[in-house]
Structure formats: structure tokens, C-alpha cells
Amino acid sequence: MKNNVKVQRAIANLTQADLAEKIGVSRQTINAIEAGKYVPSTVLALKISKLFEKPVNDIFELEDTD
Amino acid sequence: MKLTYLFPHRLKLLSGIVFCITSIILLTALLDDLFLFEKFELKTTVFALNETGIMGQKKTFSFIENNIIDEITMTLFILSGLVFAFSKEKVEDEMTEKVRLDSLVWATYFNYIAFLFCTWFFYGVLYLNILMFAVFTHLLFFVIRFNWKMHQIRKTNCDEE
């Protein structure tokens with residue numbers, strides 16, 4: 001699954017640590033999500049989408065391999 | 001989704017210390033054919049559901065004399081091991097849960113594959129020792145794998161802008 005959390009974070013002018021704190025995870029988790037190493041749960045994806053005020057589909061996208 | 005069956009993070013350090021000490025004692029004792037436990041005597045009366053002697057004589061539902069040093073060490077090992085293995089991380093989130101689950105699966109596979117290997121290649125009295133090892137290596141492998149993975153994740157450099 002692809003995501004553009006890093007871009008959204010840049011638009012919102014947030015650091016990884018800021019974002020992590022706002023949605024209640026560790027900074028490493030944000031890092032892993034951005035690097036595509038970790039696929040967040042639905043709850044976490046919805047939290048991110050709510051924070052950036054964008055639909056989940058605009059942030060996360062399925063890949064052919066999914 | 002929050003897991004409720006994890007211990008608080010503050011217990012991690014203390015249980016970690018006890019776990020390390022008891023692991024070393026148990027490993028040394030097993031490699032030394034349990035002679036280590038015979039050096040320290042703490043004889044007491046215990047209740048035995050069953051005791052089978054070396055010559056095959058059996059006692060059931062009776063009070064017997066026993067050196068309880070090994071029982072104490074094993075109890076401390078299991079309790080501290082469980083608490084250390086399953087206490088929360090400083091920042092506990094869903095990725096930690098995933099690493100924990102992965103490590104548990106990995107440790108189970110690794111332990112049984114190693115055990116299977118030993119079953120076919122070690123015979124005699126040594127095999128009994130390996131049986132005893134297998135009892136607590138599962139927890140040991142899990143603890144090593146989980147903490148190693150968490151350490152790797154923690155040291156990943158952030159690309160902050």
C-alpha cells in the first residue's frame with residue numbers, strides 16, 4: 001500500500017514527532033509508515049485522515065500487489 | 001484496539017534484571033548437569049502430588065523433603081520472564097503489537113525447529129538436558145528477538161525536515 005503521509009505532513013508543517021504525538025503513536029511508527037515498511041490499522045489511517053482533513057483515499061492507495 | 005493483558009512498563013527494568021540473572025543460573029546449572037543446585041542446600045518439606053525416585057519407587061500425595069533451590073530459581077525465571085517479555089514498551093502502539101506478535105511466531109518456529117534438529121541428532125542423557133532447555137528457550141528466544149527488533153526500530157534515523 002502506498003501513502004503520501006510525508007507530503008501531507010509537509011503541507012501541514014508537522015514533524016514526525018508532532019504527528020506521532022497527535023495520533024498517539026511512536027515517532028518510529030510514523031517513520032515506518034512513511035517508508036512503506038508498516039501498514040497502519042484502519043483506526044490509525046482514519047485518525048491520520050481526520051487530522052489532515054482529507055479522505056483516507058487521498059492519503060492511502062492500494063498497489064497492484066495488495 | 002488496546003491489549004489489556006500486558007504488564008505496566010515500570011516493571012520492565014526490575015523483571016529484566018531478575019530474568020537475566022536466573023537465565024544465567026539456569027543455563028550454567030543445565031550445562032553443569034544440575035550440580036550447581038546441589039552446592040546450595042535449602043531443604044524443606046514440600047507437598048508432592050508424585051515423586052518417583054531413581055530406583056522407580058513412587059510416592060503420591062505425600063509430604064517429602066526436597067532441596068527447593070531449583071524450584072525457586074525456576075519460579076523466578078518464569079515469573080520474571082513472563083513480565084519482562086510481556087510488559088508494555090515506553091510508547092506502546094500498534095506497531096509494537098505487530099513486532100511482538102511476529103517475534104512470538106518467530107520464536108515458536110525457531111524453538112521447535114531447533115528442538116526437532118536435536119531430537120534427531122542428540123541421543124542419550126544429553127537429550128534429557130535438551131528437553132529441559134527447550135522448556136525455557138522459547139521465552140528466551142522471544143525476548144531476544146523482540147528486543148533486538150525494537151532496538152533496530154528505535155535506532156532508525158528520522159528524516160525530519
Side-chain angles (χ1 to χ4, degrees), chain A, chain B residues 1-17 19 81-110 139 141-161:
Chain A
M1 192 173 80
K2 283 188 289 187
N3 71 76
N4 60 9
V5 172
K6 197 169 178 174
V7 177
Q8 301 295 341
R9 193 165 57 74
I11 296 168
N13 200 19
L14 291 171
T15 62
Q16 286 185 338
D18 293 337
L19 176 58
E21 204 195 326
K22 281 180 192 291
I23 57 172
V25 295
S26 68
R27 209 234 345 119
Q28 286 83 1
T29 303
I30 302 296
N31 196 46
I33 292 171
E34 288 183 3
K37 285 179 192 162
Y38 178 68
V39 176
S41 68
T42 318
V43 174
L44 198 54
L46 287 168
K47 277 186 185 175
I48 293 171
S49 124
K50 193 177 175 187
L51 185 81
F52 291 139
E53 295 171 338
K54 294 236 167 89
V56 181
N57 282 324
D58 288 1
I59 306 171
F60 299 96
E61 200 187 322
L62 280 176
E63 281 178 298
D64 294 338
T65 48
D66 288 324
Chain B
M1 191 184 70
K2 285 270 175 282
L3 291 178
T4 49
Y5 46 79
L6 294 173
F7 296 96
H9 177 69
R10 62 190 148 83
L11 293 176
K12 189 145 187 168
L13 182 68
L14 178 70
S15 60
I17 295 167
F19 182 68
L82 283 176
V83 173
F84 183 63
F86 300 113
S87 56
K88 285 179 185 162
E89 289 299 295
K90 204 167 183 181
V91 182
E92 178 75 26
D93 63 13
E94 57 178 57
M95 194 168 72
T96 326
E97 281 170 23
K98 188 179 180 294
V99 176
R100 188 176 285 116
L101 178 64
D102 282 352
S103 303
L104 200 52
V105 173
W106 185 92
T108 310
Y109 278 150
F110 190 81
L139 203 53
F141 290 148
F142 167 74
V143 163
I144 294 169
R145 171 62 159 52
F146 176 66
N147 285 287
W148 168 245
K149 278 281 157 192
M150 288 312 290
H151 172 74
Q152 275 186 326
I153 289 169
R154 266 187 230 109
K155 73 170 190 185
T156 49
N157 291 319
C158 49
D159 43 357
E160 301 269 12
E161 54 259 54

Note: B:Ile153 and A:Gln28 closest approach over all heavy atoms is O-CG, 3.2 Å
Most heavy-atom pairs under 4.5 Å with chain B, out of A:Val39, A:Ile33, A:Val25, belong to A:Val25
The interface call for B:Lys90 against chain A, heavy-atom contacts under 4.5 Å, is neither
With a cut-off of 6.0 Å (strictly less than), are more than 12 heavy atoms of other residues, nucleotides or ligands near CD of A:Glu63?
-> yes
Under the ring pair (Phe, Tyr, Trp, His ring centres under 6.0 Å) test, residues paired with B:Phe142 that sit two or more places apart = B:Phe86, B:Phe146
B:Leu101, CG atom: more than 12 neighbouring heavy atoms under 6.0 Å | yes
Looking at A:Tyr38 and B:Glu94, what are the two nearest heavy atoms and their distance?
-> OH-OE2, 2.9 Å
Closest non-hydrogen contact found for B:Asp93 with A:Ser26 is OD2-N, 2.8 Å
By side chain to side chain donor-acceptor pair (under 3.5 Å), B:Ser87 pairs with (sequence neighbours left out) none
